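Heads up: the structure comes next, in structure tokens.
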Amino acid sequence: MRLSSTCSASQANTTETRDTAQESSMTGDFPQSEPGSARRVRREWWLHVGLLCIPLLAVYLHIPPPQLSPELNTWRSSGNTINFRDHDIFYKESVGVVGSSDVVLLLHGFPTSSYDWCKIWDSLTQRFNRVIALDFLGFGFSDKPRPHRYSIFEQASLVEALVAQLGLSGQRINILSHDYGDTVALELLYRSDRNRTGHITINSLCLSNGGIFPETHYPRFIQTLLKDSGFISPLLTRLMNFQFFSRGIGDVFGPYTQPTEADFWDMWTGVRFNDGNLVMDSILQYINQRLKHRDRWVGALTSTSTPLHMIYGPLDPVNPHPQFIQLYSKLVQRSTISVLDEHISHYPQLEDPTGFINSYLSFINSF
């Protein structure tokens, strides 16, 4: 009788335990179900965050370009356009010294525009009869087609077309260039020295802080990333913003010659005009073109009889001192050189406009 009672009690306890477990499972109180429930909550949270970020990202990627500053608007309104291969090209021209026939043509760098010459423009008009600057295709106020295979050769043909439309085909032209414009100038020099059809007759050439030698050229990390990242590059160009741009540009100015906030905004506005940020990866292929056509362009520089000058800011991280200037002196022995103050970097015409214009005019007046 005692054994039977014990067994009955045991069976009752077992049944009660099973019933309790089933009840706990049905009510969701079973301890092992807690992690799965928490994971579901987290997944739903991240889903809501993702759904919220999609429209925010869409808005971010389509931020309208900034408004032109009064200074930049004045620059644009004082210029004109020509048509080149169905694209509108912006240029600015001023008539300066009366009685002189001297012409100077200004070729800007990457990623900016003809506005790079604003600080020395008035000084140039006091020496030359005609001062001309353009925005290359894909830059500034010129058209920025995409998709498009941008090339140094095309930009050189554009410059030749501008000179022809301005009625200067028979005129000897003085070229003053910077950065990207240096390489365009060397292609023009190559054509001029070989009397190619439609070429510009170059009276003198002054270069400044450009990566004309691939072996001493150190592009910024973002430039390398944009030109070599394939399908990722279009995304990177859309993600670029003013803060990122201004930091990158600021790195190639000297610590004591930094642009003002307004200067940064003018540069960025020129890039954003006509969605220029979206073609930067295509334009940056010029770095690869420099390497591929080095013999052509460096050869033109070393073999020409055209008067040459180099104005150089020695703090330049893109074309560093002394490697760049030593190689230039070695290869281009017929050129004169002006090395500016040690605090001047990659944009000498903006960082030291007085030193820059004095160096240039000394060169021009020497022959």
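Every value quoted in this text rests on a predicted model; they were computed, and no experiment measured them.
Atom CZ of R194 sits in a crowded spot, with more than 12 heavy atoms from other residues, nucleotides or ligands closer than 6.0 Å. Atom CZ of F244 sits in a sparse spot, with 12 or fewer heavy atoms from other residues, nucleotides or ligands closer than 6.0 Å. Annotation for E215: atom CD counts as buried by contact number, over 12 foreign heavy atoms lying within 6.0 Å. Within a 6.0 Å radius of CZ in F367, more than 12 heavy atoms belonging to other residues, nucleotides or ligands are found.
Shortest non-hydrogen contact noted between H321 and Y312 is N-OH, 3.0 Å. When every heavy atom of M310 is checked against every heavy atom of S335, the shortest pair comes out as N-OG, 3.9 Å. In this structure, K144 and Y150 approach most closely via the heavy-atom pair C-OH, 3.3 Å. Scanning both residues, Y360 and C206, for their nearest heavy atoms gives CE1-CB, 3.5 Å. The shortest non-hydrogen separation linking P307 to N203 is CD-O, 3.3 Å. Between I82 and L162, the shortest heavy-atom distance links the atoms CD1-CA, 3.7 Å.
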Legend entry - CA sep, side-chain torsions, deciding dist, call: E93, R130, side-chain contact (heavy atoms from CB on, under 4.5 Å): CA-CA 7 Å; E93 178 183 13; R130 296 175 76 172; 2.5 Å; yes
Inset, instruction - Evaluate the side-chain hydrogen bond (donor to acceptor under 3.5 Å, both in side chains) criterion for residues T81 and D88: first the C-alpha distance (whole Å), next the side-chain angles of each, then the deciding distance (0.1 Å), finally the verdict. - result: CA-CA 6 Å; T81 61; D88 288 334; 4.8 Å; no
Inset, instruction - Apply side-chain contact (heavy atoms from CB on, under 4.5 Å) to the pair N365 and R127, showing each step before the final yes or no. - result: CA-CA 10 Å; N365 294 331; R127 170 60 178 80; 3.0 Å; yes
Legend entry - Stepwise side-chain contact (heavy atoms from CB on, under 4.5 Å) check, L134 with S142: CA-CA 8 Å; L134 78 158; S142 291; over 6 Å; no
Inset, instruction - Check step by step if side-chain contact (heavy atoms from CB on, under 4.5 Å) holds for V184 and S177. - result: CA-CA 9 Å; V184 178; S177 62; over 6 Å; no
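Transitive grouping of hydrophobic side chains (ILVMFWY, heavy atoms separated by less than 4.5 Å) brings L361 and W117 into a common cluster. Connection of Y218 to F213 is not established within any shared hydrophobic cluster, with ILVMFWY side chains joined at heavy-atom distances below 4.5 Å, either directly or through further cluster members. Under the 4.5 Å side-chain heavy-atom criterion for ILVMFWY residues, no single connected hydrophobic cluster contains both F324 and F356. V131 and I173 fall into different hydrophobic clusters, defined by Ile, Leu, Val, Met, Phe, Trp and Tyr side-chain heavy atoms under 4.5 Å apart, directly or through other members. Criterion: ILVMFWY side-chain heavy atoms under 4.5 Å apart, direct or through other members. Under it, V95 and L168 are not part of a common hydrophobic cluster.
Considering OH of Y328 and OG1 of T302, their distance stands at 10.5 Å, rounded to 0.5 Å. In this structure, CD1 in I364 is found 12.0 Å from OG in S359, a value given to the nearest 0.5 Å. Rounded to the nearest 0.5 Å, atoms CD (E351) and CG (D341) are 10.0 Å apart. Taking CD1 from I311 and CD1 from I337, the interatomic distance works out to 11.5 Å, rounded to the nearest 0.5 Å. How far CG of L315 is from NE2 of H346: 12.5 Å, rounded to the nearest 0.5 Å. One finds the CD1 atom of I89 at 6.5 Å from the CG atom of D143 (value rounded to the nearest 0.5 Å).
Between the side chain of T269 and the backbone N or O of L68 there is no donor-acceptor pair closer than 3.5 Å. Remark: side-chain polar atoms of Q285 are paired, donor with acceptor, to backbone N or O of D281 under 3.5 angstrom. Judged by distance alone, the side chain of Y115 and the main-chain N or O of R76 form no donor-acceptor pair under 3.5 Å. Here the side chain of S192 pairs no donor or acceptor atom with the backbone of L189 at under 3.5 angstrom. Panel note: side chain N129, backbone G96; no donor-acceptor pair is recorded below 3.5 Å. Although no hydrogens or angles enter the test, the distance criterion places a donor-acceptor pair under 3.5 Å between the side chain of Q258 and the main chain of G250. Looking at D182, its side chain does come within 3.5 Å of a backbone N or O of H178 through a donor-acceptor pair. Without hydrogens or angle criteria, E187 side chain to I152 main chain gives no donor-acceptor distance under 3.5 Å. Using a distance-only test at 3.5 Å, with no hydrogens or angles considered, no donor-acceptor pair links the side chain of T257 to the main chain of F253. The backbone N or O of P348 lies less than 3.5 Å from no partner atom in the side chain of D352, so there is not a single donor-acceptor pair.
The side-chain heavy atoms of R272 and F242, taken from C-beta on, include no pair separated by under 4.5 Å. Within the 4.5 Å cutoff, the side chain of P234 has no heavy atoms near those of the L278 side chain. Looking at heavy atoms from C-beta onward, R196 lies out of side-chain contact with E160 at the 4.5 angstrom threshold. The shortest side-chain heavy-atom distance between R146 and S282 does not fall under the 4.5 Å cut-off. Using a 4.5 Å heavy-atom threshold, the side chains of I222 and L225 count as touching. Side chains of R191 and F153 form a contact here, defined as non-hydrogen atoms less than 4.5 Å apart. For the pair I287 and L291, the minimum side-chain heavy-atom distance is 4.5 Å or more. Residues F264 and P259 are in side-chain contact: their nearest non-hydrogen atoms beyond the backbone lie under 4.5 Å apart.
Side chains of Y286 and Q155: a donor-acceptor N/O pair is absent below 3.5 angstrom, by distance only. At a cut-off of 3.5 Å, with distance as the only test, a side-chain donor of D263 or T260 sits close to an acceptor on the other residue. For the residue pair N319 / N209, no side-chain donor-acceptor distance below 3.5 Å is found, with atom types taken as modelled. Looking only at atom types and distance, the side chain of S94 has a donor-acceptor partner in the side chain of W121 under 3.5 Å away. A donor and an acceptor atom, one from each side chain of T237 and N277, are nowhere located under 3.5 Å apart. Between the side chains of D193 and T304, at least one donor N or O sits under 3.5 Å from an acceptor N or O. Residues S204 and H309 have side chains that never bring a donor and an acceptor to within less than 3.5 angstrom of each other.
Ring planes of F141 and F90: perpendicular class, angle over 60° (limits at 30 and 60°). A perpendicular orientation is assigned to the rings of H343 and Y256, their planes being inclined by more than 60° (bins at 30° and 60°).
Aromatic pair W297/Y190: centroids not less than 6.0 angstrom apart. You'll find the ring centres of Y180 and F139 inside the 6.0 Å limit.
Here the options are V104, L106, V159, V103, the test is side-chain contact (heavy atoms from CB on, under 4.5 Å), and the partner is I132; only V103 passes.
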